[in-house]
Protein chains: 2
Amino acid sequence: MRMVKTFEALASEPRLKILAYLSKATMTAGEIAERFDMAKPSLSKHLSILENAGLITGVKKGKFIHYSIIQDHIVNSLDGYLQEVCPTRKPLREESAAKAKGEAEG
Amino acid sequence: MRMVKTFEALASEPRLKILAYLSKATMTAGEIAERFDMAKPSLSKHLSILENAGLITGVKKGKFIHYSIIQDHIVNSLDGYLQEVCPTRKPLREESAAKAKGEAEG
DNA sequence: AATTCGTTTAGTCAATAGCCTAATTATCTA
DNA sequence: TAGATAATTAGGCTATTGACTAAACGAATT
């Protein structure tokens with residue numbers, strides 16, 4: 001159930017985009033909204049879905065709500081899932097790391 | 001787009017269950033179907049969604065179609081996504097590994 | 001030729017997702 | 001206190017999703 005909720009939150013173009021923004025910096029709801037051609041309430045809904053899944057958190061400071069990513073949750077969730085579903089994960093993970101390294105260098 | 005498709009495929013209880021079965025062994029469509037209280041066409045749809053997302057593959061052998069998980073795809077997709085969205089991922093990953101190790105020992 | 005495995009197509013239905021506008025709440029400012 | 005601003009909540013509308021049944025189909029076995 002928890003994993004489904006996490007994946008549901010991630011299964012959306014605008015929500016992945018929000019997470020990409022928040023991976024670089026904390027932003028207010030308004031700042032995020034500026035970057036989308038979408039009504040504010042719709043965006044607010046996306047934010048609440050992400051927050052509800054534990055992927056981001058919003059902290060109210062005066063008039064504004066500052067949203068930021070919760071990296072621990074994303075990493076541990078996806079990482080944990082991989083461990084469950086991929087028993088032979090370790091070598092693949094090393095391979096993946098090697099590939100990433102090669103791309104960065106090449 | 002590709003990530004959205006992957007997450008959409010994963011955002012479903014029955015589909016996560018199918019992947020869990022396939023993480024242990026290759027199974028035919030019928031063997032999978034036996035484990036669900038669901039009409040065959042519905043299950044067939046789930047299988048095609050997973051296959052279309054590149055998470056599983058079906059190989060026809062005679063009358064049967066043998067499905068198996070494509071671990072490389074799952075690992076590389078989720079791993080790749082984590083690298084994009086979590087710049088400070090590395091230390092967290094180590095922490096996660098340490099936690100997993102502790103649990104296995106405890 | 002008949003049966004089995006599995007998919008596909010078509011039609012129906014209920015529930016959910018995603019968007020909108022309008023209204024509301026909370027806070028700041030003059 | 002009135003007015004402006006930030007963001008959410010509420011309500012409505014449409015499209016999609018996910019399930020079902022029933023029927024048909026292709027491919028392989030018997």
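First the proteins, then the strands, lettered A, B, ... as listed; each starts at 1.
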Between Ser23(B) (side chain only) and Ala20(B) (backbone N and O only), is there a donor and an acceptor less than 3.5 Å apart?
yes
Taking only heavy atoms on the protein side, list every residue of residues 26-35 of chain B lying under 4.0 Å from any atom of DNA chain C, sorted numerically.
Thr28(B), Ala29(B), Gly30(B)
Hey, are the side chains of Arg35(B) and Met27(B) touching, using non-hydrogen atoms and a 4.5 Å cut-off?
yes
Value rounded to 0.5 Å, distance of NE2 in His46(B) from CD1 in Ile56(B):
11.5 Å
Under 4.0 Å from OP1 or OP2 of dT7(C): is there any side-chain N or O of Tyr67(B) that close?
yes
Can you tell me which nucleotide in dG6(C), dT8(D), dA6(D) comes closest to the side chain of Phe64(A)?
dA6(D)
If I take atom NZ in residue Lys61(A) and atom C1' in nucleotide dT5(D), what distance separates them, rounded to the nearest angstrom?
19 Å
In whole angstroms, the gap separating C1' of dT9(C) from NZ of Lys45(B) amounts to 12 Å
Given 3.5 Å as the limit, does a donor-acceptor pair link the side chain of Thr6(A) with the main chain of Arg2(A), or not?
yes
For each nucleotide in nucleotides 17-22 of chain D, reading 5' to 3', give B when a protein heavy atom comes within less than 4.0 Å of its base, S when such contact involves only the sugar-phosphate, and - otherwise.
-SSBBB
Nearest 0.5 Å please: distance from the CG atom of Leu19(B) over to the CD1 atom of Ile69(B).
5.0 Å
Can you hop from Ile65(A) to Ile49(A) via hydrophobic side chains spaced under 4.5 Å?
no
Near-strand residues of residues 50-60 of chain B, defined as heavy-atom separation under 4.0 angstrom from DNA chain D
Lys60(B)
Please report the distance, rounded to the nearest Å, between CG in Leu47(A) and P in dC19(C).
12 Å
Separation of dA30(C) atom C1' from Lys63(A) atom NZ, nearest Å, is 12 Å
From Leu78(B) atom CG to Leu78(A) atom CG, the distance as rounded to the nearest 0.5 Å
5.5 Å
Got a second to check how far Asp79(B)'s CG is from Asp72(B)'s CG, nearest 0.5 Å?
11.5 Å
Are any of the side-chain heavy atoms of Leu10(A) and Leu10(B) separated by less than 4.5 Å?
no
Would you find a donor on one side and an acceptor on the other, under 3.5 Å apart, between the side chain of Ser77(B) and the backbone of His73(B)?
yes
In whole angstrom, what separates His66(A)'s NE2 from dA26(C)'s P?
18 Å
Decide yes or no for Lys17(A) and Phe36(A): does some side-chain heavy atom of the first lie under 4.5 Å from some side-chain heavy atom of the second?
yes
